[in-house]
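Encoded as structure tokens, the structure appears first; notes follow it.
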Amino acid sequence: SVGATITVIDDLSNSSLDHLAGHIELEPERIRFVHGSILDDDAVSDALEGARTIFHLAALGSVPRSVEEPQRSWSVNATGTVRVLEGARRIWKSPRAGDRVVFAASSSAYGEDPTLPKVETQPTRPLSPYAASKLAGEAALCAWAHSYGFSTVGLRYFNIFGPRQAADSAYAAVIAAFARRLLSGQPPIIFGDGTQSRDFTSVTNAVLATMLAGAADRHLRGEVMNIGTGRRVTLLELARIMAERCGVGHLQPEMAPKRAGDVPHSLADFSKAKELIGYAPIASLEDGLEETLAYYRREMASSGRR
């Protein structure tokens, strides 16, 4: 809301202070940074002091990384969520209307159920430790809301992408990974046959949904809702679109073996989010790609990479 003060907690394991530092310089009285982990109760208590709305976005992302490091993924994503909820319980001993935790859930919870589009009433079939840990977080949100009286809501984001997404990691999300290789004149790498499809959702839409969930008037007790665009493209189509936009339309993707835990298709039905928090996407795939590619071009130019 206008005039709100913000505290950010981050262990910087997958990010830097570069972007946040500029905001802190502009608004030093309104933005505070806590360098710490959500697994550290003291750091969480420090960060949550005085909070009315908690946006719990901290996680160890990436399905492939969770297959490599299942215990770490579970500790950060599932146990970490309980630590945040317990921090909320400490500060909200007598919850007021509006005291709320908004949780970054994941569409990976649906797994390989072939039904499209995905609706929240479908069975959940997590295929990876990441998906299981996010689903556990949803269950905790529901239980803590019913047990302790404050409001909670889970947003099942569908394949979020946008500027500042890490592109250099072996676990980089597909659009970031495609962008880095195409802008370097290299073919993108597709894991699998490329027919798998995704509801790629610009971070602009994710931010909108997150803020709407935080500000919604109704009392939410662990409801989960899809946040996507209602449109899907295959990885082969994505590679073609991005290659053309990078001016290297002749580059054909390289194919690699399918990765464990990947789901075949995702497509969001976001009607529940529209009903409960008023969400509808405002940025298309093309809008998001234009902004994202412009960011990576600037980054690669500033670092001297070609």
Side-chain angles (χ1 to χ4, degrees), residues 61-64 66-67 103-139 153-162 173-178 188 190-206 208-210 212-213 222-242 253 255-289 292:
S62 170
V63 165
S66 78
V67 174
F103 173 58
S106 171
S107 63
S108 62
Y110 293 112
E112 59 187 352
D113 186 328
T115 306
L116 292 175
K118 305 298 186 186
V119 294
E120 295 84 355
T121 51
Q122 284 176 234
T124 50
R125 299 177 181 176
L127 301 183
S128 65
Y130 172 79
S133 68
K134 282 294 191 177
L135 198 55
E138 290 183 10
V153 57
L155 305 179
R156 286 181 179 164
Y157 298 129
F158 278 66
N159 302 96
I160 305 301
F161 73 95
V174 63
I175 286 181
F178 278 14
I190 291 177
F191 296 92
D193 63 8
T195 61
Q196 60 268 50
S197 62
R198 301 285 182 266
D199 186 340
F200 291 107
T201 304
S202 166
V203 69
T204 299
N205 297 322
L208 171 64
T210 304
L212 288 170
E223 284 89 345
V224 294
M225 57 194 77
N226 296 332
I227 304 300
T229 69
R231 170 191 174 190
R232 65 184 173 117
V233 298
T234 68
L235 296 193
L236 287 170
E237 290 174 304
L238 176 70
R240 178 187 59 77
I241 293 169
M242 291 186 65
M255 314 308 282
K258 178 184 175 182
R259 296 191 293 198
D262 276 351
V263 301
H265 303 289
S266 74
L267 176 66
D269 178 326
F270 57 84
S271 55
K272 184 177 180 181
K274 185 175 183 179
E275 175 192 350
L276 293 182
I277 63 172
Y279 166 77
I282 57 173
S284 68
L285 170 64
E286 288 76 12
D287 294 335
L289 286 177
T292 301

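What you find for Pro281 and Phe270 is that their closest heavy atoms are CD-CZ, 3.4 Å. The shortest non-hydrogen separation linking Phe200 to Val174 is CE2-CG1, 3.4 Å. Among all heavy-atom pairs drawn from Ala268 and Pro117, the shortest one is C-CB, 4.0 Å. Closest non-hydrogen pair, Gly111 versus Pro264, comes out as O-CD, 4.4 Å. Minimum heavy-atom separation, Ala209 to Ile277: O-CD1, 3.7 Å. Across all non-hydrogen atoms, the minimal contact from Val119 to Asn226 is CA-ND2, 3.9 Å.
His265 is not listed as a side-chain neighbour of Pro114, based on a closest heavy-atom distance of 4.5 Å or more. Residues Leu116 and Arg232 form a side-chain contact, since some pair of their non-hydrogen atoms from C-beta on lies under 4.5 Å apart. Val263 has its side chain out of reach of Tyr110: every pair of non-hydrogen atoms, C-beta onward, lies at least 4.5 Å apart. In this structure, the side chains of Val203 and Ile160 come closer than 4.5 Å at one or more pairs of heavy atoms. Taking the side chain as every heavy atom from C-beta outward, Phe191 and Pro64 never approach each other to under 4.5 Å. Within the 4.5 Å cutoff, the side chain of Val153 has heavy atoms near those of the Met225 side chain. Between Leu236 and Ile190 there is a side-chain heavy-atom pair separated by less than 4.5 Å.
In the displayed structure, Glu286 atom CD is contacted under 6.0 Å by more than 12 heavy atoms of other residues, nucleotides or ligands.
Of the possible donor and acceptor atoms, none in the side chain of Thr124 sits under 3.5 Å from a partner among the backbone N and O of Ala109. Looking at Lys134, its side chain does come within 3.5 Å of a backbone N or O of Ala104 through a donor-acceptor pair. Between the side chain of Arg231 and the main chain of Arg198, no donor-acceptor pair closer than 3.5 Å is present.
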Carefully, step by step, assess Met242 and Ile175 under the rule side-chain contact (heavy atoms from CB on, under 4.5 Å). CA-CA 9 Å; Met242 291 186 65; Ile175 286 181; 4.1 Å; yes

Test side-chain contact (heavy atoms from CB on, under 4.5 Å) applied to Thr229 and Phe158, step by step: CA-CA 8 Å; Thr229 69; Phe158 278 66; over 6 Å; no

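The structure places CG of Leu238 at 11.5 Å from OG of Ser197, a figure rounded to the nearest 0.5 Å. Note that OG of Ser106 is 8.0 Å distant from CG of Asn159, once rounded to the nearest 0.5 Å.
In this structure, the side-chain contact (heavy atoms from CB on, under 4.5 Å) partners of Leu208, at least two apart in sequence or on a different chain, are Leu212, Tyr279, Ile282. With sequence neighbours left out, Arg240 forms a salt bridge (Lys or Arg N to Asp or Glu O under 4.0 Å) with Glu244. Partners of Tyr130 under the ring pair (Phe, Tyr, Trp, His ring centres under 6.0 Å) rule, at least two apart in sequence or in another chain, do not exist in this structure. Applying the side-chain contact (heavy atoms from CB on, under 4.5 Å) criterion to Ala105, with sequence neighbours excluded, gives Phe103, Glu138, Arg156. A search for side-chain contact (heavy atoms from CB on, under 4.5 Å) contacts involving Ala131 returns Ser108, Pro126, Ser128, not counting sequence neighbours.
A salt bridge (charged side-chain N to carboxylate O under 4.0 Å, His left out) check over residues 113-130, counting only residues at least two apart or in different chains, returns nothing.
No hydrogens or angles considered: nothing links the side chains of Asp199 and Ser266 as a donor-acceptor pair under 3.5 Å. A side-chain N or O of Thr210 and one of Tyr157 form a donor-acceptor pair less than 3.5 Å apart.
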